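All figures in this text were calculated on a predicted structure; none of them were measured in a lab. Just so you know, ligand 1 is whichever comes first in the structure, and atom 1 is the first atom listed for that ligand.
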Amino acid sequence: MKYAVFGDIHANLEALTAVLERAAELDVDKYVCMGDIVGYNANPRECLRIVQELGVEMTVKGNHDEQASADSELIGFNPQAAQAIEWTRDHLDDEDKLWLSTLPYKTRIGTKVTLVHATLDMPHMWGYIFDKFSAEVSLEYQFTSLCFFGHTHVPLAFEKFGGLVDGGRYSEVQMTANHKYLINVGSVGQPRDGDPRASFATYCPEEQTIQLHRVDYDVETAQDKIRRAGLPERLAERLGIGR
Ligand code: ZN
């Protein structure tokens, strides 16, 4: 059994298509989505439709999914993100919004894997896990050996054993019994670790391995679409540098 774990798609159709092609090449059996299907890029409906039709096993809700499907005032977002959310609200229909609004903040696959977009301690507060200190807080609320998360758009792996937490960049993780793992799979549609390639992971429960994959995609087309949609220029620029 092999899962593709992907999220922070952010309406980037070119990146999502490239990731799903790679996943098919890797003979993935099931798909798990870490949320933030929409926001920032110019194809929210198309990406939403693909995720719905893919028969994704589980999807959790991201902060952009939440805001795009609500009509509340936008607080705590930077101006470009807020503008993108307003634009996304105008480009989703009521059914799309209802679907996004009913996604859970966190969920489980069986008894061994938890999924959450941001953090397990307060999933609805959208905190960020960038270091072992914030990872430690989330790990206190993790009752499975493995948890996948997103939100930071930076692929990092944290490991806890004997009360100690360590972590950093990874390309592959071989899990050990009685250790806990908290793993960020990076972002499909807006990577921020300095590598502009789309990011996702595969997980094999039998072998207890997680592998990170980076995929080239048509960045120029995604940038053109942002500009033609009248979305902020900064959102196009950052795709080119992965920041
Ligand atoms: Zn995101």
Side-chain angles (χ1 to χ4, degrees), residues 4-16 19 31-48 50-51 56 58-70 74-89 91-92 96-97 100-101 103-107 115-120 122-130 134 138 147-156 182-201 212 214-215 217 219 222 226 231-232 234-239 241-243:
V5 187
F6 66 106
D8 292 288
I9 300 157
H10 286 295
N12 186 333
L13 181 61
E14 286 66 37
L16 178 59
V19 160
Y31 296 87
V32 166
C33 179
M34 303 309 304
D36 271 1
I37 299 166
V38 303
Y40 292 130
N41 291 280
N43 288 117
R45 292 194 71 179
E46 293 80 357
C47 290
L48 186 59
I50 288 173
V51 171
V56 170
M58 302 282 179
T59 306
V60 287
K61 188 195 286 182
N63 51 321
H64 285 257
D65 302 327
E66 179 163 271
Q67 290 300 332
S69 59
L74 295 168
I75 298 160
F77 284 85
N78 70 50
Q80 289 112 17
Q83 194 185 332
I85 288 164
E86 295 285 11
W87 184 92
T88 302
R89 284 177 176 176
H91 288 80
L92 292 174
D96 297 332
K97 290 178 184 174
L100 287 170
S101 70
L103 294 173
Y105 288 112
K106 60 177 177 178
T107 189
L115 311 172
V116 69
H117 184 70
T119 73
L120 284 175
M122 289 189 283
H124 59 290
M125 294 301 286
W126 313 115
Y128 291 89
I129 300 173
F130 277 117
S134 44
S138 191
C147 176
F148 289 110
F149 73 108
H151 195 42
T152 63
H153 301 200
V154 175
L156 294 174
L182 176 59
I183 295 193
N184 190 306
V185 299
S187 168
V188 171
Q190 196 195 74
R192 295 179 192 161
D193 62 339
D195 181 345
R197 295 176 299 167
S199 177
F200 76 109
L212 190 69
R214 300 305 289 255
V215 187
Y217 73 95
V219 175
I226 288 172
L231 285 159
R234 161 85 181 120
L235 296 179
E237 275 169 22
R238 66 189 306 176
L239 290 186
I241 53 172
R243 289 281 178 205

In Asp8, the N/O/S atom nearest the Zn ion (ligand 1) carries the name OD1

Check your understanding: Taking the six-membered ring where the residue is Trp, are the ring centres of His153 and Tyr128 under 6.0 Å apart?
Key -> no

Original post:
In terms of the angle between their ring planes, are Trp126 and His151 parallel, tilted or perpendicular, with boundaries placed at 30° and 60°?
Top reply: tilted

The atom of His153 among N, O or S that is nearest the Zn ion (ligand 1) is NE2

With a 4.0 Å cut-off on N to O distance, would you call Arg192 and Asp8 a salt bridge? no

- Message: Regarding His10, does it place an N, O or S atom less than 2.8 Å from the Zn ion (ligand 1)?
- Response: yes

Q.
I'd like to know: is the Zn ion (ligand 1) within the 2.8 Å range of an N/O/S atom from His151, strictly under that distance?
A. no

Looking only at heavy atoms, the pair that brings Tyr31 and Val56 closest together is O-CG1, 3.4 Å

**Request:** Answer with yes or no whether the side chains of Asn41 and His10 bring together a donor and an acceptor at under 3.5 Å.
**Result:** no

The atom of Asp36 among N, O or S that is nearest the Zn ion (ligand 1) is OD2

